[in-house]
Amino acid sequence: MSSPAQPRKPARNAATLREKSQLMSGSEIERTLVRVAHEIVEKNNGVENLTLVGIKRRGVPLAERIAKLIQQIEKKKVPVGSLDITLYRDDLSPVGHKPVVQKGDIGCDIVGRDVMLVDDVLYTGRTVRAALDALFDHGRPRRVQLAVLIDRGHRELPIHADVIGKTVPTDAHEVIKVKLVETDGEDEVLIMEK
């Protein structure tokens, strides 16, 4: 006979977060993305040479949504790719030997194109730095810009967004949590507190 299952103990170092407030509802996210789509079209004088590349995980569905909105505005389809930056991060501790990085297909051509990287939250800038490294491993775009849903400040690198959905001043102990239907089953942006 096996012993009864013991309840799991929470990890000692796991930071417990509590919801402080809701920053954006689903409808506010949608309205913001409509504005972001218009700004992207304006900044690029249309969509002739434009490609959107979402940074995995939540940047990808945001890029796909923005592409659909741009198609409604401009009546032209915009290519969308996805970029996995996991092996390009400089803030993850290495384990064992350096892994062999296999260049994954991002789903669209970027050579000579105006690429708009898309992500959910801009914080220290390290994710974007890693995304730039990964992007240039796929070819050389004509120009690279950045669109984010939330810019929360606290930059550690000289990186800025060209298109910002919402700027939210935060404290270091706060965390911005973006939830999207495609990844989390619902749309909302929360401020969480450690």
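Only a predicted model underlies this, so the values are computations on that prediction, with no experimental measurement involved. The figures here come from the full heavy-atom set of this structure, side chains too, leaving out hydrogens, waters and symmetry mates.
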Polar side-chain atom of Glu174 near backbone of Asp171 as donor-acceptor pair, under 3.5 Å: yes
Applying the 4.5 Å side-chain criterion to the ILVMFWY set and letting contacts propagate, would Ile40 and Val148 be lumped into a single cluster? no
Side-chain donor/acceptor of Asn44 to backbone N/O of Gly46, under 3.5 Å: no
Any ion pair linking Arg129 and Asp133 (charged N to carboxylate O, less than 4.0 Å)? yes
Measure from the side-chain N and O atoms of Arg35 to the backbone N and O of Gly165, and report whether any donor-acceptor pair falls under 3.5 Å. yes
Assigning hydrophobic clusters by single linkage (Ile, Leu, Val, Met, Phe, Trp, Tyr; side-chain heavy-atom cutoff under 4.5 Å), is Ile106 placed with Val115? yes
Does CD belonging to Glu48 count more than 12 external heavy atoms closer than 6.0 Å? no
Between Lys179 and Leu190, is any pair of side-chain heavy atoms under 4.5 Å apart? yes
Indicate the atoms forming the closest heavy-atom contact of Arg65 with Val181, along with that distance. NH2-N, 3.7 Å
dist Glu193:CD -> Lys20:NZ (nearest 0.5 Å) comes out at 4.5 Å
Looking only at non-hydrogen atoms, find the nearest pair between Ile73 and Ala37 and report the distance. CD1-CB, 4.0 Å
With a 3.5 Å distance limit and no angle check, can you tell me whether Asp151 reaches the backbone of Gly153 through a side-chain donor-acceptor pair? yes
Carboxylate-amine/guanidinium proximity below 4.0 Å for Lys177 and Glu19: no
For the residue pair Thr124 / His154, report whether a side-chain donor-acceptor contact shorter than 3.5 Å exists. no
Val163 reachable from Leu52 in the ILVMFWY side-chain graph, under 4.5 Å edges: yes
Kindly say whether Val178 contributes a backbone atom to a donor-acceptor pair with the side chain of Arg58 at under 3.5 angstrom? yes
Hydrophobic cluster membership, Leu17 vs Ile176, 4.5 Å side-chain cutoff: no
Does some side-chain heavy atom of Val168 sit less than 4.5 Å from a side-chain heavy atom of Leu23? yes
So which heavy atom on Val111 is nearest to which on His138, and how close? CG2-O, 4.3 Å
Test Ile66 against Val118 for side chain to side chain contact (heavy atoms under 4.5 Å, CB included), laying out the working first. CA-CA 9 Å; Ile66 292 167; Val118 180; 4.1 Å; yes
Report the distance from atom CZ of Arg155 to atom CZ of Arg126, rounding to the nearest 0.5 Å. 12.5 Å
When rounded to the nearest 0.5 angstrom, what distance separates CG in Leu33 from NE2 in His38? 11.5 Å
List the steps and the verdict of side chain to side chain contact (heavy atoms under 4.5 Å, CB included) for Asp119 and Thr127. CA-CA 9 Å; Asp119 204 8; Thr127 296; 3.5 Å; yes
Of all heavy-atom pairs between Phe136 and Pro141, which one has the smallest distance, and what is that distance? CE2-CD, 3.7 Å
Atom pair CD1/CG of Ile85 and Leu135 - distance to nearest 0.5 Å: 11.5 Å
If only side-chain N and O atoms count, and only distance matters, is there a donor-acceptor pair under 3.5 Å linking Asn49 with Arg143? no
Less than 4.5 Å apart, side chain to side chain, heavy atoms only: is that true for Lys56 and Ser82? yes
Nearest heavy-atom contact between Met24 and Leu149 is CE-CD1, 4.3 Å
Just to verify, which of Asp187, Val60, Asp120 counts as forming a side chain to side chain contact (heavy atoms under 4.5 Å, CB included) with Leu180? Asp187
Do Val189 and Ile150 pass the side chain to side chain contact (heavy atoms under 4.5 Å, CB included) test, and can you show the C-alpha distance, the side-chain angles, and the key distance before you say yes or no? CA-CA 9 Å; Val189 180; Ile150 304 288; 4.1 Å; yes
Between Glu64 and Lys68, does any side-chain N to carboxylate O distance fall below 4.0 Å? no
Donor-acceptor under 3.5 Å (Thr51 side chain, Pro79 main chain): no
Gap separating the CG atom of Asp114 from the CG atom of Asn45, nearest 0.5 angstrom: 9.5 Å
Distance-only, no hydrogens or angles: does the Gln72 side chain make a donor-acceptor pair with backbone N or O of Leu69 under 3.5 Å? no
Give me the atom names and distance for the closest heavy-atom approach of Lys43 to Asp162. CE-O, 2.9 Å
Say whether Val47 and Met116 are linked into one hydrophobic cluster, either directly or through other cluster members, by side-chain heavy-atom distances under 4.5 angstrom. yes
Between CG of Leu132 and CG of Leu146, what distance do you get to the nearest 0.5 Å? 8.0 Å
Kindly indicate whether the side chain of Ile70, heavy atoms from C-beta on, has any atom under 4.5 Å from the side chain of Val41. yes
Does one side chain, of Glu30 or Ser27, offer a donor that lies under 3.5 Å from an acceptor on the other? no
